[in-house]
Amino acid sequence: MRGLKRGAGALLLCCAPTALSGQTAPPPAPQAAATPVPIERFARLPFMEAPVLSPDGTRIATRLAVNGVQRLAIIPLDDFRKTVQINPGDADINSLTWVNDQWLVARIGAMSSVQGDSWYLRRVVGISADGKKNQIIGQQQAQIADDILWVARDGSPHILLALQTSIYSDDAGFWPEVRDFDVSTGKGKLVLNPTTNVMDWYADSTGAVRMGIAYDDMSRTTKLLYRASRDQSFHMVDKVRGPRAALGNVPALFLPEAGKALAYDDDDGFNALYDLDLATLKTGKKLFGVPGYDIDNLITGAGGTTMLGVRYTDTRPRTHWFDPALAKVQEEIDKAVGTRQAQIISWNKDFSVLIVFVGGADRPGAFYTFRPDDGVLRLLAKVNEDLGTGAYAPVTTIRYKARDGLEIQAVLTLPKDRPGKNLPLILMPHGGPFARDDESWDWWVQFLASRGYAVLQPNYRGSSGYGNEFTDKGRGQWGLAMQDDLTDAVKWAAEQGIADPKRVCIVGASYGGYAALRAAQRDHGVYRCAVSYAGVSDMAGILRYDASFLNSGRTKDFWRDQAPDLKAASPINFAADFSIPILIMHGKADNRVPVKQSREMAEKLKAAGKTYRYVEQPKGDHHFSQEADRVQFLKELEAFLAQYNPA
């Protein structure tokens with residue numbers, strides 16, 4: 001693993017009070033119906049993201065986009081004029097957590113130069129509720145120092161933090177120790193010494209570290225370490241070995257009852273929630289599952305001691321509440337919003353104040369505050385002020401059969417107020433590839449639909465959320481059966497009369513970018529053009545890149561598991577076979593897929609005399625964190641499609 005050497009600069013935050021606003025001027029007047037919505041409106045960063053209520057329900061901590069740049073904001077609910085904005089500089093704001101009513105912590109990360117190399121450094125910052133004080137928690141000169149294991153719920157400003165203290169793997173401090181920090185002072189005390197090969201520690205609701213997972217990359221061995229209380233020593237309760245071996249029933253939540261926990265289990269083929277006996281690590285009663293789908297995550301309350309609900313995704317994200325009061329509130333809100341989707345995303349300590357997101361696949365949505373006592377949704381902020389909360393292009397889920405008979409779910413978006421027949425089609429595979437698309441707002445998709453394109457997003461084999469068998473069908477199928485699933489989606493759209501088979505372009509990012517490159521090289525006659533953003537072109541090359549990180553052996557196993565022949569599955573080796581024009585874009589600051597992947601692909605295409613355009617974004621990352629990069633991408637995309645696949 002690459003890490004921070006001693007003496008590198010710490011990440012500091014500065015703050016300045018300001019009014020709650022994401023605009024320097026009021027939004028433009030609505031456009032006439034015949035005028036396309038301007039690119040800049042679709043490219044807006046979400047004005048508000050992931051708001052979190054303080055325990056007393058008087059403030060919200062959130063990420064705000066102001067003039068195209070993300071800020072951390074603390075918003076008093078009784079007076080938005082007293083909002084405090086905090087500029088994180090070049091750091092990402094990865095999460096926000098209230099510790100008590102006076103303090104919160106932010107997990108941040110940023111690229112930093114260390115010995116001539118670029119490393120991503122992760123830290124925790126303590127911030128006072130008035131925004132006047134902030135400080136790095138744990139001034140440790142190593143890479144990973146943001147693993148918050150526990151937050152006190154008794155009103156005291158304490159957290160448990162696991163953090164490295166050395167960048168050198170032969171030092172004991174390379175493996176995280178656990179410290180109890182007072183975030184109001186920044187002072188901490190040692191709770192648990194590091195253990196070789198344990199990078200991940202887990203604590204229960206009382207703050208006792210109860211579990212650790214050790215992994216030895218040389219032997220590909222994983223061990224589960226456990227203890228029943230903080231006074232006992234850890235002992236190994238499970239051990240597996242091999243490139244694809246996985247531990248069995250790992251606790252997802254320690255319950256207050258002695259020896260009891262909850263765990264995810266997929267023995268019946270789909271991830272579901274079960275009771276777990278810690279003495280035997282045997283699952284008991286199945287508490288919740290969704291036929292045909294995996295569940296996503298638990299929702300806990302009371303300081304992590306109770307199970308409030310479960311998040312899952314079928315055709316769209318949903319919540320199943322175990323808590324009767326929250327289930328009743330959800331039912332009432334669902335009735336009030338009609339066809340829109342409502343999700344309770346945050347609440348204060350006594351559930352007297354809730355934050356509710358209301359949106360949908362066809363609208364960017366808005367955040368509201370809701371007090372069950374008065375039953376009124378009050379607007380907090382629109383996600384995109386320019387686009388508002390109205391409906392845009394309609395979105396549905398369809399199913400089609402791949403050539404081998406496998407049923408595949410896909411998301412179809414059609415241009416608004418146009419017949420869904422004989423349309424130009426954008427085939428858009430998601431990234432990952434262990435991920436999925438669903439009926440949620442997508443700024444790329446809605447932009448394309450506004451320009452007259454139908455957009456089809458297949459959840460090809462290997463996508464997540466559909467159970468073990470569906471995931472396993474993607475093993476070894478990069479550029480092979482996974483690619484066939486995409487061309488089969490095009491065939492389905494043409495047979496249904498939705499798409500004009502002579503006007504199809506493939507557009508994707510990350511793995512989706514790989515699929516676009518592969519299509520341009522392999523799938524002759526299916527597409528008129530291709531667009532790759534941050535796509536993988538050289539699988540062997542990215543394997544070499546990932547070898548510089550911790551557990552490179554496991555990473556090597558992963559990449560070799562994706563295709564039986566990495567060279568044969570890599571488009572960079574077949575530039576002469578590219579048969580359609582391709583737009584390639586990549587961010588120079590991308591630390592997931594290095595920009596070299598696209599640079600070298602463009603060089604190969606140039607040497608082969610192919611039609612391509614290469615655009616590099618100097619500050620671009622893997623996730624379009626900068627609004628200016630979003631705008632540039634959509635402009636390039638629109639111009640490219642107008643030339644090679646006009647609507």
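Salt-bridge check for Asp484 with Arg403: passed, with a basic side-chain N closer than 4.0 Å to an acidic carboxylate O. Contact check on Asp216 versus Arg220 returns no salt bridge, with no Lys/Arg side-chain nitrogen under 4.0 Å from an Asp/Glu carboxylate oxygen. Under 4.0 Å is where a charged nitrogen must lie from a carboxylate oxygen, and between Asp561 and Arg475 at least one such pair does. Taking the charged nitrogens against the carboxylate oxygens, Lys286 and Asp268 do have a contact shorter than 4.0 Å, which makes a salt bridge. For the pair Asp217 and Arg554, the salt-bridge criterion is not met [side-chain N within less than 4.0 Å of a carboxylate O]. Ion pair Arg461/Asp404 flagged as a salt bridge, since at least one NZ, NE, NH1 or NH2 atom sits closer than 4.0 Å to an Asp/Glu carboxylate oxygen.
More than 12 non-hydrogen atoms from other residues, nucleotides or ligands lie less than 6.0 angstrom from CZ of Arg311. Within 6.0 Å of CD on Glu469 lie no more than 12 heavy atoms contributed by other residues, nucleotides or ligands.
In this pair, Phe288 and Phe322 present their aromatic rings perpendicular. The plane angle is above 60°, beyond the 30 to 60° band. In this structure, Phe234 and Trp201 have tilted ring planes: the angle between them lies in the 30° to 60° band.
When only modelled atom types and interatomic distance are considered, Gln446 and Asp442 share no side-chain donor-acceptor pair under 3.5 Å. Donor-acceptor pairing under 3.5 Å is lacking for the side chains of Asp92 and Ser625. Of the N and O atoms on the side chains of Thr397 and Glu439, at least one donor lies less than 3.5 Å from an acceptor on the other residue.
Val395 has its side chain out of reach of Leu412: every pair of non-hydrogen atoms, C-beta onward, lies at least 4.5 Å apart.
Ring centroid separation for the pair Trp347 and Phe370 does not come in under the 6.0 Å cut-off.
A cation-pi arrangement, defined by a distance under 6.0 Å to the six-membered ring centre and an angle within 45 degrees of its axis, is present between Arg210 and Phe254.
Using modelled atom types, one side-chain atom of Arg227 and one backbone atom of Gln232 make a donor-acceptor pair closer than 3.5 Å.
For the ring-ring contact (aromatic ring centres under 6.0 Å, His included) with Trp478, the qualifying choice from Trp559, Phe434, Phe558, Tyr460 is Trp559, the only one to do so.
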